[in-house]
Protein chains: 2
Amino acid sequence: MKHTLRMTHQREIILAELRKSTSHPTADELYERIRKKLPRISLATVYRNLEILFEAGVISKVEISGRQKRFDYDLEEHDHIYCVKCHRVDNINLPKTQKIVVRQKEQKGYRISGCRIEFYGICPDCRKKQKKELEGDNKMGCSSCELSDKQKEVLEALAKSNDPCGSKDIASVTSLEPKQISCQITALKKKGYVASPVRCKYEITEEGKKALD
Amino acid sequence: MKHTLRMTHQREIILAELRKSTSHPTADELYERIRKKLPRISLATVYRNLEILFEAGVISKVEISGRQKRFDYDLEEHDHIYCVKCHRVDNINLPKTQKIVVRQKEQKGYRISGCRIEFYGICPDCRKKQKKELEGDNKMGCSSCELSDKQKEVLEALAKSNDPCGSKDIASVTSLEPKQISCQITALKKKGYVASPVRCKYEITEEGKKALD
DNA sequence: ATGTACATAGTAATTATTATCAAGTCAAGA
DNA sequence: TCTTGACTTGATAATAATTACTATGTACAT
C-alpha cells in the first residue's frame with residue numbers, strides 16, 4: 001500500500017550527514033553526528049528513517065561484514081573494503097572491465113540479481129598502530145574492559161603482593177575459594193591483566209594495574 | 001597466552017553437525033540440530049564453541065549478509081550465494097581463472113589480505129513459492145505477526161462489521177479515541193490485515209480474519 | 001589423593017535493532 | 001477557518017542475537 005513520504009527536517013539532516021560521510025556509517029555512528037545538529041533526536045528515529053529511506057530508494061544499504069547495518073548515500077552499486085581491526089568500510093573502485101560471470105550450470109537454481117565484492121585487510125590507521133606496537137609501544141590488553149566484582153577482588157590481591165602468587169595465597173586474603181580464584185584468573189589472563197611467569201603462580205600486569213584505577 | 005584445546009564430546013557433535021550441513025548454518029540453526037543428539041546442551045555452549053573452534057582454525061566463519069553469524073566446516077575460502085528472501089546461503093564455485101586484481105593505487109593504503117565474492121538473488125525454493133503466488137495462491141501479509149492489544153481491539157471491531165468503517169465508527173464500539181484508531185489502522189495495513197476500499201473507510205482482510213483466530 | 005586448568009549448563013547481561021504509543025505536525029476536506 | 005486524517009517523532013519497552021558470569025563437572029599433572 002502506497003503512502004506519501006514526507007521530507008521532515010530530521011530526514012534532511014540524516015541525509016545531509018550521510019552524504020558527508022565516506023565510511024558507510026552504522027546507525028549509531030550517524031546518530032552521534034546528527035545529534036550535534038539535532039540534540040533532541042531519538043536513536044529510534046535514526047534507525048527507523050534509515051530503513052524508510054532505504055526502502056524508498058533514496059539511500060542504499062551496504063551489505064558488509066559485521067553485525068551492524070550500514071548505509072550509503074551513493075545509490076550506485078560499488079565495491080568495498082573492510083578493515084578487520086577497526087571495522088571501518090571504504091569504497092574501492094575496480095575497473096569496469098573486471099566482471100564476474102556465472103554460467104547457468106553454476107547458478108544452483110538461483111535467479112541471481114547481483115554480486116558484491118568485498119575486500120578485507122588492515123586500514124592505513126590500523127597499520128600505523130600495528131607498526132607502533134611492533135616498535136615497543138607496548139599496549140596489550142584492553143584497558144577499558146569491565147571487571148566483575150570477583151575479578152576486581154583477585155586483581156587487588158595480586159596488586160598488593162610483590163611476588164607471584166598461587167591460588168591458595170590469593171584465597172587466603174580474599175573471600176573466594178581456590179577453585180573460584182582459578183576461574184577468575186583465566187578470565188583476567190584473557191583480558192591481559194594477569195600473567196603467569198611460572199606455572200600456577202600469577203602476577204598482575206601493567207595493564208592490570210591501570211585497569212584498577 | 002596459549003592453552004590446550006580439549007576435544008569434548010559436545011565439540012565433536014558440533015563439528016559433526018557442521019560437517020553435514022551445506023547451508024552454513026547460524027548458531028541457532030545448528031543448535032536445533034545438535035540438541036537432537038545432546039538434549040541438555042546449552043545454546044551458550046554452541047555459541048562459545050563455534051567462536052573457539054573458529055579461532056583455533058578448525059572451522060571457518062562465513063562473512064555474509066544478515067545479522068547472524070554463520071560457520072562452515074570447509075576451511076578453504078570459496079564464494080557464496082545468498083537468498084534475499086529466506087536468507088539461505090549456498091556455495092558457488094567459480095572457475096579459478098576469474099580472479100579480481102587490485103592495483104596498488106586502488107588499495108587506499110590498506111594491506112589487503114583477501115577478497116569475498118557474494119552473489120545474491122532468489123533461491124529455487126523461493127522461486128517456486130513466488131510462482132505459486134503469481135498463480136493466485138494468494139498469501140499476502142504475515143499470519144504469524146503478533147498483534148498488540150489495541151490492534152486486536154480494532155481488528156475485532158472491523159470483523160464484526162459488514163461494511164467498511166471510519167475511525168469514528170470504530171471508536172464508538174471500542175475504548176479507543178479516533179486518533180488512536182488511526183495509528184492502529186496504519187500498523188494493521190502494513191501487516192496486510194486491513195484494507196481501505198474507500199479513503200477513510202476500512203475493512204478487515206482474509207489474512208486479518210485468520211490472524212484473529 | 002590433591003591441586004590445577006579447561007569446559008559446561010543455566011542464567012544474567014549486553015549489543016543492536018524494532019515495536020508501541022501518546023503526542024506533534026502537516027495536508028486534505030468541509 | 002476548523003475539523004479530520006495521515007504521517008512522524010521521542011521516549012521507552014520489547015525483541016533478537018550474542019556474550020559474560022559463576023557454580024559445578026571433568027580431565028590432566030603432580
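The sequence lines fix the lettering, A, B, ..., with proteins before strands; numbering per chain opens at 1.
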At 4.0 Å (heavy atoms only), tell me whether [X] reaches a base, stays on the sugar-phosphate, or touches nothing.
{"X": "Ile185(B)", "result": "nothing"}
{"X": "Tyr202(B)", "result": "sugar-phosphate"}
{"X": "Arg40(A)", "result": "sugar-phosphate"}
{"X": "Asp28(A)", "result": "nothing"}
{"X": "Arg48(A)", "result": "base"}
{"X": "Ser148(B)", "result": "sugar-phosphate"}
{"X": "Ala44(B)", "result": "base"}
{"X": "Cys183(A)", "result": "base"}

How close or far is atom [atom2] of [N] from atom [atom1] of [X], stated in whole angstroms?
{"X": "Tyr31(A)", "N": "dA11(D)", "atom1": "OH", "atom2": "P", "result": "8 Å"}
{"X": "Ile181(A)", "N": "dA23(D)", "atom1": "CD1", "atom2": "P", "result": "11 Å"}
{"X": "Leu147(A)", "N": "dT19(D)", "atom1": "CG", "atom2": "C1'", "result": "16 Å"}
{"X": "Met7(B)", "N": "dA5(C)", "atom1": "CE", "atom2": "P", "result": "21 Å"}
{"X": "Leu30(A)", "N": "dT17(C)", "atom1": "CG", "atom2": "P", "result": "12 Å"}

Under 4.0 Å between a side-chain N/O of [X] and OP1 or OP2 of [N], yes or no?
{"X": "Thr8(A)", "N": "dT25(C)", "result": "no"}
{"X": "Ser42(A)", "N": "dT12(D)", "result": "no"}
{"X": "Lys168(A)", "N": "dG3(C)", "result": "yes"}
{"X": "Arg6(B)", "N": "dC28(D)", "result": "no"}
{"X": "Gln151(B)", "N": "dT20(C)", "result": "yes"}
{"X": "Lys179(B)", "N": "dA6(D)", "result": "no"}
{"X": "Lys190(A)", "N": "dA20(D)", "result": "no"}
{"X": "Tyr47(A)", "N": "dA11(D)", "result": "no"}
{"X": "Gln180(B)", "N": "dC21(C)", "result": "no"}
{"X": "Gln10(B)", "N": "dA7(C)", "result": "no"}
{"X": "Gln68(A)", "N": "dT15(C)", "result": "no"}

Nearest to the [X] side chain among [options], which nucleotide is it?
{"X": "Leu5(B)", "options": "dT8(D), dA7(C), dC7(D)", "result": "dA7(C)"}
{"X": "Leu43(B)", "options": "dA5(C), dT18(D), dC21(D)", "result": "dT18(D)"}
{"X": "Ser182(B)", "options": "dT22(D), dA6(D), dT18(D)", "result": "dA6(D)"}

For this session: Mind listing the closest non-hydrogen atom pair of Ala211(A) and Leu147(A) along with its distance?
Result: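 Here Ala211(A) and Leu147(A) meet closest at O-CD1, 4.1 Å.
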
Okay, side chain of [X], backbone of [Y]: is any donor-acceptor separation there less than 3.5 Å?
{"X": "Thr186(B)", "Y": "Ser182(B)", "answer": "yes"}
{"X": "Ser167(B)", "Y": "Ile181(B)", "answer": "no"}
{"X": "Ser172(A)", "Y": "Asp169(A)", "answer": "yes"}
{"X": "Arg70(B)", "Y": "His24(B)", "answer": "yes"}

Exercise. Of Ile41(A) and Glu51(B), whose nearest nucleotide on DNA chain D comes first from the 5' end?
Worked result: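 The answer here is Ile41(A).
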
Problem set entry | Asn49(A) vs Pro178(B), nearer the 5' end of DNA chain D by closest nucleotide |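 On the 5' side of the pair lies Pro178(B).
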
For this session: In plain terms, say whether Glu77(A) and Arg116(A) are close enough for a salt bridge, that is, a side-chain N and a carboxylate O under 4.0 Å apart.
Result: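 Judged by the 4.0 Å cut-off on N to carboxylate O distance, Glu77(A) and Arg116(A) do not form a salt bridge.
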
Exercise. Above 12 or not: heavy atoms from other molecules or residues under 6.0 Å from NZ of Lys129(A)?
Worked result: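 No.
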
